[in-house]
Amino acid sequence: MRLAIISDIHSNCEAIDNVLEDMNKIDKIFCLGDIVGYGANPNYCIEKIKKIKCKCIAGNHDFGAIGRANIDYFNFEAREAILWTLHKLNKDNINFLSNLGKKIIIEDNVFAVHGSPREPIWEYILDKNIASLIFKNYKFKIYFVGHSHLAGCFSLDEDNNQIEYNALSNDGCIEILRKKRYIINCGSVGQPRDGNPKASYGIYDTNLKKVVINRVSYPINQTKKKIINAGLPRVLAERLSIGR
Ligand code: ZN
C-alpha cells in the first residue's frame, strides 16, 4: 500500500490543493493535525480534509481554535490567528475539529500523533535526547509526527543503540531497515520551517518499505496576499517565502 502522510496544513488552501494534486496511486491519506491556524482559509481546508476522507487527528492549533487548548501557550501571532480562526469557523467545522482523536494506528507497530507519543498535542521532538526517551519508553517500528514543521527522521540502530538524525528539507527517502526504528516528520504542508518554502508531505510505501518526502511548489504570493488582506499578522505571510 502507498500511504500519504500530511500534516500542519495551517489554513493554506493553495498548498493543500497542490499537495493533493501531486499525489498519485495513493491508497489512503493520514493527516497529523493543525489543519487550521496561521492562514486565511480554515473552512476550506477542513472541508478538503472531510472530502478526501482521510484519517485525521488533532493538533494544538485545531484544539486552540475551538477553545479546547489554553491559548496562553501560543505566541502572539499564533494567538491572534487562533482568535481570528475562532470567529471564521462554521458550526460543522467546529464540530469536526472537536471530534478529532489524538493518535492513529496506521498498521502493526506504525503509529502517528501530532506532537509526540507521550504528549500528543504539545510536545516537540526536536533533539536526540527526547527522541531517545521516546524510543526507550514506547514500542513501535515507526512513529510519524508533525508539529515542528521540520521534515526529518530520527532513527535508532538497535545493534549499537545509536540515534541518527537526518534532515529532509530537500526531498529524500528513508529505507525502513529491519535493525532500525524510526521517528519521522514528513514536514508541513502549509507553513514549512526547514528553510525550504515548498509544501512538504510523505509517502510511506508499505511493500517497498520506504518513506519518500516530496516538496511541492504552490503560489505563495497568492497565499501571502490573503493572509495580509484578512488582517492576520503580516509576519505569518512573510515567513512563507523563506520557509522559516
Ligand atoms: Zn503546526
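Order of appearance sets the numbers: ligands from 1, and atoms from 1 within every ligand.
- With a 4.5 Å cut-off on side-chain heavy atoms, I130 and Y124 do not count as touching.
- By the criterion of a separation under 2.8 Å, the protein N/O/S atoms near the Zn ion (ligand 1) amount to D8 OD1, H10 NE2, D34 OD2, H149 NE2.
- Membership of an apolar cluster is not assigned to V212, as no side-chain contact below 4.5 Å to another ILVMFWY residue is traced.
- L133 is linked by a side-chain contact (heavy atoms from CB on, under 4.5 Å) to R118, N137, counting only residues two or more places apart in sequence or in another chain.
- A search for side-chain contact (heavy atoms from CB on, under 4.5 Å) contacts involving Q162 returns N160, not counting sequence neighbours.
- The aromatic rings of F111 and Y143 are tilted relative to each other, their planes meeting at an angle between 30° and 60°.
- Considering every non-hydrogen atom in both R79 and F74, the closest pair reads NH1-O, 3.0 Å.
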